[in-house]
Amino acid sequence: MKVIRLFEGKERSLLKQHPWVFAGSIQRGKADPGETVRVEAHDGRFLAWGAYSPQSTIRVRAWSFTESERIDAAFFARRVQQAVALRARLAVPSDAVRLVHGEADGLPGLVVDRYADTLSAQFLFAGTERWKSVIADALLAATGLQRLYERSDVGVRALEGLPEHTGWLRGGGDTQLTIREHDWQLLVDVAQGHKTGTYLDQRDNRRHFAQAVRHYGCAEVLNCYSYTGGFSLAALAGGAQRVTSVDSSAPALALARQHVQINGFDGTRHDTLDADVNATLRAQLEQGRRYDAIVLDPPKFAPTAAQAERASRAYKDINRLALKLLRPGGLLFTFSCSGGIGPELFHKIVAGAGIDAGVDALILQRLAAACDHPTTLYFPESDYLTGLALLVR
Ligand code: SAH
């Protein structure tokens, strides 16, 4: 067993059950990509079992803080089983559920979503890459399913020196399927869709939006960065008269139109606009358009803290424009999924946007990812999605 010895004082985060060891904390020790290592404090005390990643600045990710635990197939079977059992207790109102949320489920660098009878997974670091086949078997055993698609086409793999990879890991067949979320049906393609197929993290917020649209009687709704129209369905379900989905992806908008149709909503109440959101907001403001509710759910403007400043300006800009486009009494559901922007900073950015727009608003609700994407006490980094539901005065 290879040993990684840390510098004095660098044991603190592992002692607080935070699973990352940065390269600069390591005094000595090396291993192959994904190999299990014993991490020790400067005095030889056991800290954790982890997987070594020679190319990444996160040099080790911990599997376990228990010295007697063995990292073997049975270990992965147990962790996967625990993650799956937790989802059963959470009673998610959908047959599409995040089953494994990486570090928050004790499985660093592993994301697994279930879409009806199909699993879709991302293996994001050397450790999960090395145990891929064992993990795949554990997932099928814990869920009783037969099909697992790999979506390891993610930029972060490059930081690990791993090539991107996609395709069936277990089973095969059609990658297009239908899922149920709340009362709606959604089409998901695990090979073509964003992330592992679609954005399950916004499930609860789509329901909150439907309820708010109904409660506040919002007639005209603008859904910005709509992707396949999840929030547009929510607006229609909430009784909106006219909903516009804006996105720069034509295939996503085609699916949004299909979603309106297969869910039995009147297609004349829904429009799509294949355009840049920022330019659209500016143009509509110039034309004097106004809305009763707006959703802003942009892609990650700041994947890391280093890009937070430039991203802050981009968030502020779209929020300022959206606040100006709302009628008095209007509703804004605004989000950031940037790991580098926490809830507090996001609040500050949106407050700045309000000042510039000359609009005051009250916070109806603070929004986050659905609970099958858990944030744990010891790993705050899992709290990436933050949002505010605002009611303009
Ligand atoms: N709200 C969606 C998820 C949004 S993901 C849901 O609930 O499912 C972000 C979306 O922003 C993607 O669909 C992407 O195509 C789109 N996008 C990225 N940059 C854009 C831009 N500048 N203008 C318009 N859409 C953009």
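All values below were derived from every heavy atom in this structure, side-chain atoms included, with hydrogens, water molecules and symmetry-related copies excluded. In what follows, residues are counted from 1 in the order of the sequence shown. Just so it is clear, the structure is predicted and the values come from calculations on it, not from any experiment. We count ligands from 1, going down the list as the structure has it; atoms in each ligand are counted the same way.
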Exercise for the section: Report yes or no: do Y315 and S338 form a side-chain donor-acceptor pair below 3.5 Å? Expected result: yes
Exercise for the section: Assign the ring pair H194 / Y199 to parallel, tilted or perpendicular, where the plane angle (0 to 90°) is split at 30° and 60°. Expected result: perpendicular
Handout entry: Nearest protein heavy atom with distance in Å, relative to atom 6 (C) of ligand 1
Key = R206 NH1, 3.3 Å
Practice task
Decide whether S232 and N223 meet the rule of one side-chain donor and one side-chain acceptor closer than 3.5 Å.
Solution key: yes
Handout entry: W131-F123 aromatic ring centre distance below 6.0 Å
Key = no
Handout entry: Nearest-neighbour protein heavy atom for atom 4 (C) of ligand 1, which is reported as residue plus atom name and distance
Key = Y225 O, 3.2 Å
Completion exercise
When Y216, F333, F335 are each screened for ring-ring contact (aromatic ring centres under 6.0 Å, His included) with F209, the one that passes is F333
Problem - Close approach, S226 and ligand 1, non-hydrogen under 4.0 angstrom - result: yes
Problem - Residues, nucleotides or ligands: over 12 heavy atoms within 6.0 Å of R289 CZ - result: yes
Exercise for the section: Please verify whether a non-hydrogen atom of A279 lies at under 4.0 Å from ligand 1. Expected result: no
Handout entry: Closest protein heavy atom to atom 14 (C) of ligand 1, given as residue, atom name and distance to 0.1 Å
Key = D247 OD1, 3.5 Å
Completion exercise
Here the atoms of ligand 1 under 4.0 Å from any heavy atom belonging to Y227 are 2 (C), 3 (C), 4 (C), 8 (O), 13 (O)
Problem - Sub-4.0 Å atoms of ligand 1 with respect to non-hydrogen atoms of Y199 - result: 3 (C), 5 (S), 8 (O)
Exercise for the section: Taking all non-hydrogen atoms of both residues into account, name the closest pair between G109 and E103 and its distance. Expected result: N-OE1, 3.5 Å
Handout entry: Identity and separation of the nearest protein heavy atom to atom 3 (C) of ligand 1
Key = D297 OD2, 3.3 Å
Exercise for the section: List the closest protein heavy-atom neighbour of atom 25 (N) of ligand 1: residue, atom name, distance to the nearest 0.1 Å. Expected result: S248 N, 3.1 Å
Exercise for the section: Count the heavy atoms belonging to other residues, nucleotides or ligands that lie under 6.0 Å from NZ of K2, then report whether that count exceeds 12. Expected result: yes
Problem - D276, any N or O under 3.5 Å of ligand 1 N or O - result: yes
Problem - Shortest protein heavy-atom distance from atom 18 (C) of ligand 1, along with the residue and atom involved - result: P299 CG, 3.5 Å
Practice task
Considering only non-hydrogen protein atoms, determine which one is nearest to atom 23 (N) of ligand 1 and report residue, atom name and distance to 0.1 Å.
Solution key: V277 N, 3.0 Å
Fill in the blank from the handout: Quick note on ligand 1: atoms under 4.0 Å from a heavy atom of A275 include exactly 23 (N), 24 (C)
Problem - Heavy-atom closest pair, residues I71 and W63 - result: CG2-CD1, 3.5 Å
Fill in the blank from the handout: Under 4.0 Å from one or more heavy atoms of S249, ligand 1 contributes atoms 15 (O)
